[in-house]
Novice: 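Structure provided below as C-alpha coordinates; questions to follow.
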Protein chains: 2
Amino acid sequence: MTPPPSSLPDYVATQLRTAILGGQIAAGTPLRQEDIAQQLGVSRPPVREALRLLEGEGLAVLRPRRGYVVASLDAADVVEIFGIRERLEEHAAELAAMHRTAEDIADLARLLEEMEAIEDRDLAGFAAANHAFHARIFQVAGRPRLLRMMLSLRETVERYVRVGGALSGDMTVVRAEHRAIFAAFEAGDPARLGSVSRAHVASTGRRLLAALAQHD
Amino acid sequence: MTPPPSSLPDYVATQLRTAILGGQIAAGTPLRQEDIAQQLGVSRPPVREALRLLEGEGLAVLRPRRGYVVASLDAADVVEIFGIRERLEEHAAELAAMHRTAEDIADLARLLEEMEAIEDRDLAGFAAANHAFHARIFQVAGRPRLLRMMLSLRETVERYVRVGGALSGDMTVVRAEHRAIFAAFEAGDPARLGSVSRAHVASTGRRLLAALAQHD
DNA sequence: AAACAGAAGATTGAATACAATTCTGAGTTG
DNA sequence: CAACTCAGAATTGTATTCAATCTTCTGTTT
(Lines give C-alpha, C1' and ligand atoms only; values in the text may rest on other atoms or scores of the structure.)
Protein backbone atom coordinates (compact mmCIF):
# COMPACT_ATOMS: atom_id res chain seq x y z
CA MET A 1 0.00 0.00 0.00
CA THR A 2 2.50 2.59 1.14
CA PRO A 3 5.56 2.68 -1.12
CA PRO A 4 8.89 2.04 0.60
CA PRO A 5 10.53 5.28 1.68
CA SER A 6 12.86 6.43 -1.06
CA SER A 7 15.28 8.34 1.10
CA LEU A 8 16.62 7.90 4.59
CA PRO A 9 14.92 11.01 5.96
CA ASP A 10 11.58 9.67 4.76
CA TYR A 11 12.36 6.34 6.34
CA VAL A 12 13.33 7.91 9.64
CA ALA A 13 10.28 10.17 9.59
CA THR A 14 8.01 7.19 8.98
CA GLN A 15 9.53 5.27 11.85
CA LEU A 16 9.24 8.19 14.24
CA ARG A 17 5.73 8.99 13.07
CA THR A 18 4.39 5.51 13.76
CA ALA A 19 6.20 5.43 17.10
CA ILE A 20 4.68 8.73 18.16
CA LEU A 21 1.22 7.94 16.80
CA GLY A 22 1.34 4.48 18.32
CA GLY A 23 2.03 5.96 21.70
CA GLN A 24 5.47 4.39 22.08
CA ILE A 25 6.94 7.86 22.49
CA ALA A 26 4.95 10.01 24.88
CA ALA A 27 4.27 13.71 24.39
CA GLY A 28 7.04 15.90 25.73
CA THR A 29 9.72 13.28 25.23
CA PRO A 30 12.98 14.75 23.89
CA LEU A 31 13.97 13.35 20.50
CA ARG A 32 17.73 12.92 20.75
CA GLN A 33 19.29 12.89 17.34
CA GLU A 34 22.18 10.58 18.19
CA ASP A 35 19.92 8.00 19.85
CA ILE A 36 17.53 7.93 16.91
CA ALA A 37 20.38 7.71 14.42
CA GLN A 38 22.06 4.85 16.24
CA GLN A 39 18.79 3.00 16.76
CA LEU A 40 17.92 3.15 13.08
CA GLY A 41 21.45 2.61 11.85
CA VAL A 42 21.86 5.94 10.07
CA SER A 43 23.81 9.11 10.72
CA ARG A 44 22.51 12.36 12.14
CA PRO A 45 21.91 14.54 9.06
CA PRO A 46 19.04 12.40 7.73
CA VAL A 47 17.60 12.35 11.24
CA ARG A 48 17.70 16.13 11.34
CA GLU A 49 15.81 16.32 8.04
CA ALA A 50 13.25 13.83 9.30
CA LEU A 51 12.70 15.98 12.38
CA ARG A 52 12.13 18.99 10.15
CA LEU A 53 9.44 17.01 8.36
CA LEU A 54 7.77 16.07 11.64
CA GLU A 55 8.00 19.70 12.69
CA GLY A 56 6.07 20.67 9.59
CA GLU A 57 3.47 18.06 10.41
CA GLY A 58 3.09 19.43 13.90
CA LEU A 59 4.24 16.21 15.56
CA ALA A 60 7.47 17.65 16.93
CA VAL A 61 8.41 21.11 18.13
CA LEU A 62 11.87 22.62 18.01
CA ARG A 63 13.36 24.64 20.83
CA PRO A 64 16.50 26.21 19.37
CA ARG A 65 19.75 24.76 20.69
CA ARG A 66 17.71 22.49 22.93
CA GLY A 67 16.48 19.96 20.44
CA TYR A 68 13.11 18.58 19.47
CA VAL A 69 10.42 17.20 21.72
CA VAL A 70 7.25 15.33 20.82
CA ALA A 71 4.43 17.85 20.52
CA SER A 72 1.71 17.68 23.10
CA LEU A 73 -1.91 18.66 22.76
CA ASP A 74 -4.11 20.26 25.36
CA ALA A 75 -7.89 20.59 25.27
CA ALA A 76 -7.69 23.91 23.42
CA ASP A 77 -5.68 22.27 20.65
CA VAL A 78 -8.26 19.51 20.31
CA VAL A 79 -11.06 22.05 20.11
CA GLU A 80 -9.17 23.99 17.46
CA ILE A 81 -8.33 20.97 15.34
CA PHE A 82 -11.83 19.56 15.41
CA GLY A 83 -13.24 22.97 14.57
CA ILE A 84 -11.09 23.03 11.47
CA ARG A 85 -11.88 19.42 10.63
CA GLU A 86 -15.59 20.15 10.83
CA ARG A 87 -15.34 22.77 8.12
CA LEU A 88 -12.99 20.85 5.88
CA GLU A 89 -14.92 17.61 6.21
CA GLU A 90 -18.12 19.41 5.29
CA HIS A 91 -16.38 20.95 2.30
CA ALA A 92 -15.01 17.64 1.08
CA ALA A 93 -18.34 15.91 1.63
CA GLU A 94 -20.18 18.45 -0.49
CA LEU A 95 -17.69 17.98 -3.29
CA ALA A 96 -17.86 14.22 -2.99
CA ALA A 97 -21.64 14.22 -3.20
CA MET A 98 -21.45 16.13 -6.46
CA HIS A 99 -18.75 14.05 -8.10
CA ARG A 100 -19.58 10.54 -6.98
CA THR A 101 -20.01 7.78 -9.58
CA ALA A 102 -21.85 4.44 -9.41
CA GLU A 103 -18.54 2.76 -8.72
CA ASP A 104 -17.84 5.09 -5.83
CA ILE A 105 -21.21 4.22 -4.30
CA ALA A 106 -20.54 0.49 -4.65
CA ASP A 107 -17.10 0.87 -3.09
CA LEU A 108 -18.37 2.89 -0.16
CA ALA A 109 -21.19 0.40 0.39
CA ARG A 110 -18.63 -2.37 0.61
CA LEU A 111 -16.47 -0.41 3.05
CA LEU A 112 -19.51 0.31 5.19
CA GLU A 113 -20.43 -3.37 5.27
CA GLU A 114 -16.91 -4.30 6.27
CA MET A 115 -17.03 -1.79 9.07
CA GLU A 116 -20.42 -3.08 10.22
CA ALA A 117 -18.98 -6.57 10.39
CA ILE A 118 -16.29 -5.57 12.88
CA GLU A 119 -17.05 -6.13 16.52
CA ASP A 120 -17.17 -3.24 18.93
CA ARG A 121 -14.27 -4.54 20.94
CA ASP A 122 -11.82 -4.65 18.04
CA LEU A 123 -10.82 -1.01 18.34
CA ALA A 124 -7.81 -1.19 16.04
CA GLY A 125 -9.76 -2.96 13.33
CA PHE A 126 -12.61 -0.52 13.60
CA ALA A 127 -10.24 2.43 13.45
CA ALA A 128 -8.70 1.07 10.27
CA ALA A 129 -12.07 0.44 8.64
CA ASN A 130 -13.26 3.85 9.75
CA HIS A 131 -10.20 5.41 8.21
CA ALA A 132 -10.72 3.59 4.92
CA PHE A 133 -14.37 4.63 4.81
CA HIS A 134 -13.66 8.32 5.24
CA ALA A 135 -10.60 8.26 3.03
CA ARG A 136 -12.70 6.88 0.20
CA ILE A 137 -15.08 9.82 0.45
CA PHE A 138 -12.18 12.21 0.36
CA GLN A 139 -10.83 10.47 -2.67
CA VAL A 140 -14.09 11.16 -4.47
CA ALA A 141 -13.80 14.82 -3.60
CA GLY A 142 -10.64 14.86 -5.72
CA ARG A 143 -8.75 17.53 -3.81
CA PRO A 144 -5.23 16.36 -3.00
CA ARG A 145 -4.25 19.31 -0.81
CA LEU A 146 -7.45 19.07 1.16
CA LEU A 147 -6.82 15.37 1.65
CA ARG A 148 -3.29 15.97 2.89
CA MET A 149 -4.44 18.59 5.35
CA MET A 150 -7.19 16.36 6.70
CA LEU A 151 -4.84 13.41 7.08
CA SER A 152 -2.36 15.57 8.94
CA LEU A 153 -5.00 16.90 11.31
CA ARG A 154 -6.42 13.45 11.85
CA GLU A 155 -2.95 12.07 12.59
CA THR A 156 -2.28 14.76 15.11
CA VAL A 157 -5.25 13.84 17.27
CA GLU A 158 -5.28 10.12 16.51
CA ARG A 159 -2.95 9.12 19.33
CA TYR A 160 -5.22 10.89 21.79
CA VAL A 161 -8.21 9.12 20.37
CA ARG A 162 -6.36 5.94 21.21
CA VAL A 163 -5.23 6.75 24.72
CA GLY A 164 -8.49 8.47 25.54
CA GLY A 165 -10.46 5.54 24.25
CA ALA A 166 -12.88 7.94 22.59
CA LEU A 167 -13.91 5.28 20.12
CA SER A 168 -15.07 2.93 22.81
CA GLY A 169 -18.48 3.11 24.40
CA ASP A 170 -21.41 4.20 22.32
CA MET A 171 -20.46 2.60 19.04
CA THR A 172 -24.11 2.52 18.07
CA VAL A 173 -24.04 6.29 17.65
CA VAL A 174 -20.97 6.12 15.44
CA ARG A 175 -22.45 3.36 13.32
CA ALA A 176 -25.69 5.29 12.90
CA GLU A 177 -23.72 8.35 11.76
CA HIS A 178 -21.85 6.28 9.22
CA ARG A 179 -25.08 4.92 7.80
CA ALA A 180 -26.45 8.44 7.55
CA ILE A 181 -23.30 9.49 5.72
CA PHE A 182 -23.59 6.65 3.26
CA ALA A 183 -27.27 7.35 2.64
CA ALA A 184 -26.57 10.98 1.81
CA PHE A 185 -23.61 9.95 -0.35
CA GLU A 186 -25.77 7.50 -2.25
CA ALA A 187 -28.51 10.09 -2.66
CA GLY A 188 -25.97 12.59 -3.96
CA ASP A 189 -27.25 15.36 -1.77
CA PRO A 190 -24.34 17.76 -1.15
CA ALA A 191 -25.98 19.82 1.58
CA ARG A 192 -27.14 16.76 3.48
CA LEU A 193 -23.88 14.88 3.15
CA GLY A 194 -22.05 18.00 4.21
CA SER A 195 -24.11 18.51 7.33
CA VAL A 196 -24.09 14.88 8.48
CA SER A 197 -20.35 14.65 7.86
CA ARG A 198 -19.74 17.81 9.82
CA ALA A 199 -21.97 16.56 12.61
CA HIS A 200 -20.03 13.32 12.65
CA VAL A 201 -16.74 15.14 13.15
CA ALA A 202 -18.30 17.34 15.81
CA SER A 203 -19.61 14.38 17.74
CA THR A 204 -16.27 12.61 17.49
CA GLY A 205 -14.62 15.71 18.89
CA ARG A 206 -17.08 15.92 21.75
CA ARG A 207 -16.49 12.29 22.64
CA LEU A 208 -12.74 12.78 22.60
CA LEU A 209 -12.92 15.86 24.79
CA ALA A 210 -15.17 14.07 27.24
CA ALA A 211 -12.80 11.11 27.35
CA LEU A 212 -9.82 13.40 27.89
CA ALA A 213 -11.56 15.29 30.68
CA GLN A 214 -12.41 12.03 32.37
CA HIS A 215 -8.87 10.78 31.90
CA ASP A 216 -7.28 13.56 33.95
CA MET B 1 8.12 42.86 13.61
CA THR B 2 9.41 39.48 12.53
CA PRO B 3 12.13 38.20 14.84
CA PRO B 4 15.51 37.46 13.25
CA PRO B 5 15.80 33.81 12.20
CA SER B 6 17.40 31.88 15.03
CA SER B 7 18.97 29.16 12.93
CA LEU B 8 20.55 29.03 9.51
CA PRO B 9 17.85 26.78 8.03
CA ASP B 10 15.23 29.31 9.09
CA TYR B 11 17.28 32.09 7.57
CA VAL B 12 17.73 30.23 4.31
CA ALA B 13 14.05 29.27 4.22
CA THR B 14 13.06 32.89 4.74
CA GLN B 15 15.31 34.07 1.94
CA LEU B 16 14.03 31.45 -0.47
CA ARG B 17 10.44 32.06 0.53
CA THR B 18 10.57 35.76 -0.20
CA ALA B 19 12.41 35.10 -3.45
CA ILE B 20 9.78 32.60 -4.59
CA LEU B 21 6.86 34.68 -3.39
CA GLY B 22 8.33 37.83 -4.88
CA GLY B 23 8.55 36.15 -8.23
CA GLN B 24 12.34 36.28 -8.48
CA ILE B 25 12.38 32.50 -8.82
CA ALA B 26 9.81 31.22 -11.29
CA ALA B 27 7.77 28.07 -10.83
CA GLY B 28 9.53 24.96 -12.07
CA THR B 29 13.00 26.38 -11.45
CA PRO B 30 15.39 23.81 -9.98
CA LEU B 31 16.70 24.78 -6.55
CA ARG B 32 20.36 23.77 -6.62
CA GLN B 33 21.69 23.28 -3.15
CA GLU B 34 25.24 24.33 -3.88
CA ASP B 35 24.19 27.54 -5.62
CA ILE B 36 21.89 28.53 -2.78
CA ALA B 37 24.52 27.70 -0.18
CA GLN B 38 27.21 29.73 -1.94
CA GLN B 39 24.90 32.64 -2.59
CA LEU B 40 23.89 32.89 1.07
CA GLY B 41 27.31 32.07 2.44
CA VAL B 42 26.37 28.86 4.22
CA SER B 43 27.03 25.19 3.64
CA ARG B 44 24.67 22.63 2.16
CA PRO B 45 23.17 20.88 5.21
CA PRO B 46 21.24 23.93 6.45
CA VAL B 47 20.09 24.49 2.87
CA ARG B 48 18.73 20.96 2.77
CA GLU B 49 16.81 21.52 5.98
CA ALA B 50 15.42 24.77 4.63
CA LEU B 51 14.22 22.95 1.53
CA ARG B 52 12.48 20.40 3.72
CA LEU B 53 10.68 23.26 5.40
CA LEU B 54 9.59 24.71 2.07
CA GLU B 55 8.49 21.26 1.01
CA GLY B 56 6.21 21.13 4.02
CA GLU B 57 4.82 24.52 3.11
CA GLY B 58 4.09 23.36 -0.41
CA LEU B 59 6.43 25.88 -2.00
CA ALA B 60 8.93 23.30 -3.25
CA VAL B 61 8.55 19.73 -4.40
CA LEU B 62 11.18 17.03 -4.13
CA ARG B 63 11.88 14.52 -6.85
CA PRO B 64 14.16 11.90 -5.28
CA ARG B 65 17.75 12.03 -6.47
CA ARG B 66 16.79 14.83 -8.81
CA GLY B 67 16.52 17.70 -6.41
CA TYR B 68 13.91 20.27 -5.56
CA VAL B 69 12.00 22.52 -7.91
CA VAL B 70 9.77 25.48 -7.15
CA ALA B 71 6.19 24.24 -6.95
CA SER B 72 3.85 25.43 -9.66
CA LEU B 73 0.13 26.00 -9.45
CA ASP B 74 -2.43 25.39 -12.14
CA ALA B 75 -6.04 26.57 -12.19
CA ALA B 76 -7.22 23.46 -10.36
CA ASP B 77 -4.82 24.19 -7.50
CA VAL B 78 -6.11 27.73 -7.25
CA VAL B 79 -9.70 26.49 -7.16
CA GLU B 80 -8.82 24.01 -4.45
CA ILE B 81 -6.93 26.47 -2.29
CA PHE B 82 -9.59 29.14 -2.47
CA GLY B 83 -12.25 26.54 -1.69
CA ILE B 84 -10.38 25.68 1.49
CA ARG B 85 -9.74 29.30 2.33
CA GLU B 86 -13.44 30.09 1.99
CA ARG B 87 -14.31 27.60 4.70
CA LEU B 88 -11.47 28.46 7.03
CA GLU B 89 -11.97 32.20 6.65
CA GLU B 90 -15.65 31.80 7.46
CA HIS B 91 -14.74 29.72 10.49
CA ALA B 92 -12.22 32.23 11.76
CA ALA B 93 -14.59 35.12 11.12
CA GLU B 94 -17.35 33.53 13.17
CA LEU B 95 -14.97 33.01 16.06
CA ALA B 96 -13.63 36.53 15.76
CA ALA B 97 -17.13 38.01 15.85
CA MET B 98 -17.80 36.21 19.10
CA HIS B 99 -14.54 37.09 20.84
CA ARG B 100 -13.88 40.64 19.72
CA THR B 101 -13.29 43.38 22.30
CA ALA B 102 -13.69 47.14 22.08
CA GLU B 103 -9.94 47.42 21.54
CA ASP B 104 -10.13 44.97 18.63
CA ILE B 105 -12.84 47.07 17.01
CA ALA B 106 -10.79 50.23 17.40
CA ASP B 107 -7.71 48.54 15.95
CA LEU B 108 -9.57 47.16 12.98
CA ALA B 109 -11.19 50.53 12.34
CA ARG B 110 -7.75 52.09 12.23
CA LEU B 111 -6.45 49.43 9.86
CA LEU B 112 -9.46 49.93 7.60
CA GLU B 113 -8.86 53.68 7.52
CA GLU B 114 -5.23 53.16 6.63
CA MET B 115 -6.24 50.88 3.80
CA GLU B 116 -8.82 53.38 2.56
CA ALA B 117 -6.12 56.03 2.46
CA ILE B 118 -3.96 54.04 0.05
CA GLU B 119 -4.30 54.82 -3.61
CA ASP B 120 -5.50 52.18 -6.04
CA ARG B 121 -2.23 52.22 -7.95
CA ASP B 122 -0.05 51.39 -4.96
CA LEU B 123 -0.53 47.64 -5.27
CA ALA B 124 2.25 46.66 -2.86
CA GLY B 125 1.06 49.09 -0.22
CA PHE B 126 -2.52 47.94 -0.60
CA ALA B 127 -1.50 44.29 -0.37
CA ALA B 128 0.35 44.97 2.88
CA ALA B 129 -2.56 46.88 4.38
CA ASN B 130 -4.95 44.19 3.22
CA HIS B 131 -2.80 41.58 4.86
CA ALA B 132 -2.67 43.48 8.14
CA PHE B 133 -6.43 43.96 8.11
CA HIS B 134 -7.22 40.27 7.69
CA ALA B 135 -4.44 39.15 10.02
CA ARG B 136 -5.94 41.27 12.78
CA ILE B 137 -9.27 39.48 12.43
CA PHE B 138 -7.53 36.12 12.62
CA GLN B 139 -5.70 37.24 15.70
CA VAL B 140 -9.02 37.89 17.39
CA ALA B 141 -10.15 34.38 16.51
CA GLY B 142 -7.34 33.14 18.73
CA ARG B 143 -6.57 29.93 16.87
CA PRO B 144 -2.86 29.64 16.16
CA ARG B 145 -3.04 26.52 13.98
CA LEU B 146 -5.84 27.98 11.92
CA LEU B 147 -3.80 31.14 11.50
CA ARG B 148 -0.75 29.21 10.34
CA MET B 149 -2.74 27.23 7.84
CA MET B 150 -4.38 30.32 6.41
CA LEU B 151 -1.06 32.14 6.12
CA SER B 152 0.45 29.18 4.34
CA LEU B 153 -2.44 28.96 1.87
CA ARG B 154 -2.37 32.69 1.31
CA GLU B 155 1.37 32.60 0.70
CA THR B 156 1.03 29.84 -1.81
CA VAL B 157 -1.28 31.81 -4.07
CA GLU B 158 0.14 35.24 -3.31
CA ARG B 159 2.74 35.22 -6.04
CA TYR B 160 0.04 34.49 -8.59
CA VAL B 161 -2.08 37.28 -7.25
CA ARG B 162 0.90 39.47 -7.99
CA VAL B 163 1.73 38.28 -11.47
CA GLY B 164 -1.90 37.98 -12.42
CA GLY B 165 -2.59 41.46 -11.19
CA ALA B 166 -5.81 40.21 -9.63
CA LEU B 167 -5.82 43.06 -7.19
CA SER B 168 -5.88 45.65 -9.90
CA GLY B 169 -9.03 46.82 -11.59
CA ASP B 170 -12.21 46.95 -9.60
CA MET B 171 -10.80 48.07 -6.29
CA THR B 172 -14.15 49.59 -5.44
CA VAL B 173 -15.59 46.11 -5.01
CA VAL B 174 -12.76 45.08 -2.70
CA ARG B 175 -13.10 48.21 -0.63
CA ALA B 176 -16.84 47.69 -0.31
CA GLU B 177 -16.28 44.14 0.87
CA HIS B 178 -13.81 45.32 3.48
CA ARG B 179 -16.30 47.85 4.79
CA ALA B 180 -18.94 45.14 5.00
CA ILE B 181 -16.52 42.95 6.92
CA PHE B 182 -15.74 45.70 9.37
CA ALA B 183 -19.42 46.50 9.87
CA ALA B 184 -20.22 42.88 10.70
CA PHE B 185 -17.18 42.71 12.96
CA GLU B 186 -18.26 45.82 14.80
CA ALA B 187 -21.81 44.49 15.11
CA GLY B 188 -20.49 41.22 16.50
CA ASP B 189 -22.69 39.15 14.24
CA PRO B 190 -20.93 35.79 13.69
CA ALA B 191 -23.16 34.53 10.91
CA ARG B 192 -22.97 37.77 8.99
CA LEU B 193 -19.23 38.24 9.43
CA GLY B 194 -18.74 34.65 8.40
CA SER B 195 -20.73 34.95 5.23
CA VAL B 196 -19.28 38.27 4.11
CA SER B 197 -15.75 37.03 4.84
CA ARG B 198 -16.36 33.87 2.89
CA ALA B 199 -17.85 35.85 0.03
CA HIS B 200 -14.79 38.10 0.07
CA VAL B 201 -12.47 35.14 -0.34
CA ALA B 202 -14.67 33.70 -3.06
CA SER B 203 -14.67 36.93 -5.02
CA THR B 204 -10.91 37.26 -4.66
CA GLY B 205 -10.56 33.73 -6.02
CA ARG B 206 -12.82 34.49 -8.96
CA ARG B 207 -10.83 37.59 -9.81
CA LEU B 208 -7.57 35.67 -9.64
CA LEU B 209 -8.87 32.90 -11.86
CA ALA B 210 -10.17 35.39 -14.38
CA ALA B 211 -6.84 37.20 -14.40
CA LEU B 212 -4.95 33.94 -14.85
CA ALA B 213 -7.22 32.84 -17.70
CA GLN B 214 -6.66 36.17 -19.40
CA HIS B 215 -2.95 35.98 -18.82
CA ASP B 216 -2.52 32.78 -20.82
C1' DA C 1 22.21 23.84 54.91
C1' DA C 2 20.92 26.27 50.80
C1' DA C 3 22.30 28.78 46.90
C1' DC C 4 25.49 30.12 43.59
C1' DA C 5 29.67 29.72 40.59
C1' DG C 6 32.41 27.05 37.69
C1' DA C 7 33.97 23.22 35.04
C1' DA C 8 33.18 18.91 32.64
C1' DG C 9 30.17 16.32 29.88
C1' DA C 10 26.55 15.96 26.60
C1' DT C 11 23.91 17.60 22.77
C1' DT C 12 22.75 20.49 19.10
C1' DG C 13 24.31 23.16 15.00
C1' DA C 14 27.23 23.73 11.02
C1' DA C 15 30.99 22.65 7.83
C1' DT C 16 33.78 19.48 5.34
C1' DA C 17 34.44 15.08 3.06
C1' DC C 18 32.93 11.03 0.65
C1' DA C 19 29.75 7.94 -2.12
C1' DA C 20 26.20 7.14 -5.39
C1' DT C 21 23.14 8.46 -8.89
C1' DT C 22 21.74 11.24 -12.68
C1' DC C 23 22.37 14.46 -16.36
C1' DT C 24 25.13 16.00 -20.47
C1' DG C 25 27.91 15.59 -24.21
C1' DA C 26 30.60 13.54 -27.78
C1' DG C 27 31.45 9.78 -30.39
C1' DT C 28 30.02 5.95 -32.87
C1' DT C 29 27.00 2.95 -35.32
C1' DG C 30 22.89 1.39 -37.83
C1' DC D 1 21.27 11.58 -40.63
C1' DA D 2 19.14 9.88 -36.49
C1' DA D 3 19.56 7.19 -32.46
C1' DC D 4 22.10 4.75 -29.16
C1' DT D 5 26.15 4.05 -26.01
C1' DC D 6 29.46 5.25 -22.97
C1' DA D 7 32.36 8.33 -20.35
C1' DG D 8 32.93 12.53 -17.77
C1' DA D 9 30.95 16.09 -15.04
C1' DA D 10 27.65 17.75 -12.02
C1' DT D 11 24.42 17.14 -8.33
C1' DT D 12 22.15 14.88 -4.76
C1' DG D 13 22.43 11.93 -0.62
C1' DT D 14 24.94 10.39 3.40
C1' DA D 15 28.70 10.09 6.74
C1' DT D 16 32.28 12.09 9.46
C1' DT D 17 34.35 15.93 11.82
C1' DC D 18 34.52 20.23 14.23
C1' DA D 19 32.54 24.19 16.92
C1' DA D 20 29.23 26.34 20.01
C1' DT D 21 25.81 26.10 23.47
C1' DC D 22 23.27 24.05 27.02
C1' DT D 23 22.85 20.92 30.99
C1' DT D 24 24.45 18.95 35.06
C1' DC D 25 27.34 17.84 38.68
C1' DT D 26 30.52 19.31 42.07
C1' DG D 27 32.70 22.38 45.05
C1' DT D 28 32.59 26.42 47.52
C1' DT D 29 30.68 30.24 49.89
C1' DT D 30 27.35 32.73 52.64
Side-chain angles (χ1 to χ4, degrees), chain A residues 2-21 24-72 148, chain B residues 2-21 24-72 148:
Chain A
T2 52
S6 50
S7 67
L8 282 188
D10 285 343
Y11 165 71
V12 174
T14 302
Q15 294 293 319
L16 288 176
R17 206 179 288 120
T18 58
I20 292 172
L21 263 42
Q24 276 104 18
I25 311 179
T29 306
L31 296 166
R32 295 235 170 64
Q33 302 174 7
E34 184 61 42
D35 292 355
I36 297 166
Q38 207 161 2
Q39 199 160 342
L40 296 178
V42 300
S43 81
R44 276 178 51 218
V47 172
R48 287 183 65 83
E49 283 188 39
L51 289 171
R52 284 288 183 189
L53 284 171
L54 295 183
E55 182 189 10
E57 296 170 15
L59 260 61
V61 292
L62 171 63
R63 300 165 305 169
R65 285 280 169 194
R66 299 183 59 187
Y68 289 87
V69 295
V70 177
S72 56
R148 256 190 20 207
Chain B
T2 52
S6 50
S7 67
L8 281 188
D10 285 343
Y11 164 70
V12 173
T14 302
Q15 293 294 318
L16 287 175
R17 205 179 289 122
T18 58
I20 293 173
L21 265 39
Q24 276 105 20
I25 310 180
T29 306
L31 296 166
R32 296 236 169 65
Q33 302 174 6
E34 185 61 42
D35 292 356
I36 296 167
Q38 208 160 2
Q39 199 161 344
L40 297 178
V42 299
S43 85
R44 275 178 52 221
V47 171
R48 287 183 64 83
E49 283 188 40
L51 290 172
R52 285 288 185 188
L53 286 170
L54 295 183
E55 182 188 11
E57 295 171 16
L59 260 61
V61 292
L62 171 62
R63 300 165 305 170
R65 286 278 168 194
R66 300 182 59 187
Y68 289 87
V69 296
V70 177
S72 57
R148 257 191 18 208

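Keep in mind that this is a model prediction, so the values were computed, not measured.
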Novice: If I take atom CD in residue A:Gln38 and atom P in nucleotide C:dT12, what distance separates them, rounded to the nearest angstrom?
Specialist: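 Roughly 13 Å, once rounded to whole Å.
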
Novice: Base, sugar-phosphate, or nothing: which does B:Leu51 touch, judged by heavy atoms less than 4.0 Å apart?
Specialist: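 Nothing: the residue B:Leu51, judged by heavy atoms under 4.0 Å, touches no strand.
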
Novice: In whole angstroms, how far is the C1' atom of C:dA14 from the CG atom of B:Leu40?
Specialist: 15 Å

Novice: Just to be sure I understand the rule, does B:Pro46 reach a base, reach only the sugar-phosphate, or reach nothing, if contact means heavy atoms closer than 4.0 Å?
Specialist: sugar-phosphate

Novice: Please confirm whether the shortest side-chain N or O distance from B:Arg48 to OP1 or OP2 of D:dG13 is below 4.0 Å.
Specialist: yes

Novice: Between P on C:dA10 and CG on A:Asp35, what's the gap in Å once rounded to a whole number?
Specialist: 12 Å

Novice: Should we count CD of A:Gln24 as having more than 12 external heavy atoms under 6.0 Å?
Specialist: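 Atom CD in A:Gln24 is crowded, with more than 12 foreign heavy atoms closer than 6.0 Å.
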
Novice: Starting at CG of B:Leu8 and ending at C1' of C:dA14, how long is that distance when rounded to a whole Å?
Specialist: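 Computing the B:Leu8:CG to C:dA14:C1' distance gives 7 Å.
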
Novice: Just one of B:Glu55, B:Arg48, B:Arg63 clears the side chain to side chain contact (heavy atoms under 4.5 Å, CB included) bar with B:Tyr68, so which one?
Specialist: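 Running side chain to side chain contact (heavy atoms under 4.5 Å, CB included) over B:Glu55, B:Arg48, B:Arg63 with B:Tyr68 returns exactly one hit, B:Glu55.
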
Novice: Select from B:Leu62 and A:Arg65 the residue whose nearest nucleotide in DNA chain D is closer to the 5' end of that strand.
Specialist: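 Counting from the 5' end, the first nearest nucleotide belongs to B:Leu62.
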
Novice: Side-chain N or O of B:Arg44 versus OP1/OP2 of C:dA15: is the shortest distance under 4.0 Å?
Specialist: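 Answer no for this pair, as no side-chain N or O of B:Arg44 is under 4.0 Å from OP1 or OP2.
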
Novice: For B:Tyr11 and C:dG13, what is the distance between atoms OH and P respectively, to the nearest whole Å?
Specialist: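 Between P of C:dG13 and OH of B:Tyr11: 19 Å.
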
Novice: Evaluate the side-chain proximity of A:Arg17 to A:Glu57: yes if any heavy-atom separation is below 4.5 Å, no if none is.
Specialist: yes

Novice: Below 4.0 angstrom, N of the basic side chain to O of the carboxylate: do A:Glu49 and A:Arg52 qualify?
Specialist: no

Novice: Nearest whole angstrom, please: distance from the P of D:dT24 to the CZ of A:Arg32.
Specialist: 9 Å

Novice: Please determine whether a side-chain nitrogen or oxygen atom of A:Gln33 lies at a distance below 4.0 Å from atom OP1 or OP2 of C:dG13.
Specialist: yes

Novice: Nearest whole Å is fine: how far is D:dC22 P from A:Tyr68 OH?
Specialist: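 The answer, rounded to whole Å, is 16 Å.
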
Novice: Quick one: are B:Leu59 and B:Leu21 in side-chain contact, heavy atoms under 4.5 Å?
Specialist: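 They are in contact (side-chain heavy atoms under 4.5 Å apart), so the answer is yes.
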
Novice: Please confirm whether the shortest side-chain N or O distance from B:Arg66 to OP1 or OP2 of C:dT21 is below 4.0 Å.
Specialist: no

